[in-house]
Amino acid sequence: MQEPVYPTPSNSRLPRLLWILAALCLGLVLPYMAEQVQYSITRGELRARADAAAEDLDELAKNAQLVKLSDTSRAFRDVARRVEPSVVHIDTVQAARGGNRALSIEGFEFLLPPGQEQQFAQGQGSGVIVDGDEGYVLTNYHVIQGADMIVVKLSDGRTIADKDVAVVGYDESTDLAVLRVSAMNLTSISWGDSEALEVGDWVLAVGSPYGLDRTVTSGIVSAKQRRGVSQLYQDFLQTDAAVNPGNSGGPLLNVEGKLIGITTAIVGRAFQGISFAIPSKVAKDVYERLKTGGKVVRGWLGVEMQALTPQIAERLKLPGAAGALVVQVLPGSPAEKGGMKPGDVIVQWNGIDVVNESELPLLVARTEVGSTAKVVVIRDGERVSLDVTVDQRPSEHELQRRRPGNR
């Protein structure tokens, strides 16, 4: 009779260790795989809905069917679905001076700079993916201004943070900023033409008011080319679409679901029926410049202006009140070098009629630095043509230094 063979202790322990290691690996890998599968499923559902909505909107636009109330409702639903994958929620953290505290946002742990007090400030806003292949997100500068940490939450549930979110550039004058997120399978929004909008046209705003992700509101264009609301280089769209804190940086859309503005400002601390958006004509230009060079270089003339009232126009014997009255020419500026004088009324810039003093800075800012601008002024009742070589706009500190009395 053959004796039974019993495994040695070393032989019996090896398979058990392998099973333990395999179980540990599965325990670590399976949750991650399940999470990625869920993101993929959500992303697929959103994209399918967005594609179907885009086709429906194209059909409505082609057949000019936006007449019945039911058709308008259908279009709004399609717009919401079409843009949902492209809208992001943004959380920010700014360390107080001397702050020292570990902080957790969406599962990401951050350590604020060391100091005596343990304080920090959190903020939030919205953004929109304008280039899914490269990961570019457009938002307001004031949303990320001064932030030590930026967290971007995507529509499919993914959260991007820390080194995976980079600030490409920002422009304080237009309150725009470009972020780049390291993530795949992003859906871009389509650019629209803000110049084609008319007062009374339907628009929709999408964002995260008070942290309520992807909230959709609707309204109409109340006015165009609103200036002097905040920054110097602004040309706002005014709407009555409901906007509240947290909407900043989110998209303003036309009834085709295309990006025609970036929601930026409201009057007061909460919505009162007036909201402002940066038109896509401005936003797209600034985005391209920030993406390419990280900053926006603007043209500079170097004059101080005031409004040309009918009373002043009559005193200066002008045919009308259109134009920008020059009250001061800064020393060493392009205007001085080009022969411009206080009392001149600028009525034309590179062939474009100057309507008022708030329009001229926009025209000058968009002129290529180093180029020669053809300027027409009215001086002592006569039209005078000047050639002005446009320079780069100095910093605000340098401008203050150049003003008479500050030198």
Side-chain angles (χ1 to χ4, degrees), residues 171-174 176 191 193-197 224-229 231-237 278-290 292-293 295-309 312-313 316-396 398-399 402:
D171 180 44
E172 294 184 61
S173 296
T174 53
L176 288 170
W191 286 99
D193 183 8
S194 56
E195 292 295 287
L197 285 175
K224 297 177 65 176
Q225 297 180 335
R226 287 294 194 201
R227 297 175 182 135
V229 176
Q231 309 291 346
L232 178 61
Y233 300 108
Q234 287 293 13
D235 194 10
F236 283 119
L237 292 171
I278 302 166
S280 59
K281 178 183 177 180
V282 175
K284 189 174 183 180
D285 175 63
V286 172
Y287 160 69
E288 294 291 348
R289 295 195 194 190
L290 291 176
T292 303
K295 63 180 181 179
V296 177
V297 177
R298 289 187 172 84
W300 179 58
L301 179 60
V303 296
E304 300 283 345
M305 300 172 294
Q306 75 173 52
L308 185 63
T309 64
I312 296 176
L316 295 175
K317 299 179 181 179
L318 301 175
L325 176 61
V326 177
V327 295
Q328 188 177 92
V329 178
L330 297 186
S333 66
E336 184 187 59
K337 294 174 182 177
M340 201 168 289
K341 299 178 180 180
D344 286 349
V345 177
I346 303 173
V347 295
Q348 200 172 81
W349 179 272
N350 273 341
I352 300 175
D353 291 337
V354 177
V355 177
N356 52 49
E357 85 288 350
S358 66
E359 186 177 61
L360 183 62
L362 295 170
L363 295 173
V364 176
R366 293 167 185 165
T367 304
E368 184 179 354
V369 173
S371 66
T372 300
K374 301 291 183 181
V375 188
V376 177
V377 304
I378 296 180
R379 180 184 297 167
D380 299 326
E382 300 291 333
R383 291 174 70 91
V384 179
S385 295
L386 303 173
D387 290 334
V388 177
T389 301
V390 178
D391 201 352
Q392 180 176 336
R393 181 177 173 82
S395 66
E396 289 301 322
E398 176 63 19
L399 286 176
R402 290 192 184 207

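- Taking a cutoff of 4.0 Å between a charged side-chain nitrogen and a carboxylate oxygen, D285 and K281 do not qualify as a salt bridge.
- Taking both residues in full, the closest heavy atoms of W300 and L330 are given as CZ2-CD1, 3.9 Å, listed atom of the first, atom of the second, then distance.
- Atom OG1 of T367 sits about 12.5 Å away from atom CG of D391, to the nearest 0.5 Å.
- In this structure, CG in D344 is found 9.0 Å from CG in L325, a value given to the nearest 0.5 Å.
- Taking the side chain as every heavy atom from C-beta outward, V345 and V377 never approach each other to under 4.5 Å.
- Between V355 and L360 there is no side-chain heavy-atom pair separated by less than 4.5 Å.
- The two residues A335 and G302 have their closest heavy-atom pair at CB-O, 4.1 Å.
- With hydrogens and angles ignored, the 3.5 Å screen pairs no side-chain donor or acceptor of T372 with any backbone N or O of T389.
- Looking at every heavy atom in both residues, V303 comes nearest to M340 through CG1-SD, 3.9 Å.
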In sequence, state the C-alpha distance, the side-chain angles, and the governing distance for K374 and D387, and then conclude on side-chain contact (heavy atoms from CB on, under 4.5 Å).
-> CA-CA 5 Å; K374 301 291 183 181; D387 290 334; 3.0 Å; yes
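- For the pair Q392 and R298, the minimum side-chain heavy-atom distance is 4.5 Å or more.
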Carefully, step by step, assess V376 and V384 under the rule side-chain contact (heavy atoms from CB on, under 4.5 Å).
-> CA-CA 6 Å; V376 177; V384 179; over 6 Å; no
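- Between K295 and D171, none of the side-chain N atoms (NZ, or NE/NH1/NH2) sits under 4.0 Å from a carboxylate O, so this pair counts as no salt bridge.
- Within the model, atoms CG of D353 and CG of L363 stand 10.0 Å from one another, a figure rounded to the nearest 0.5 Å.
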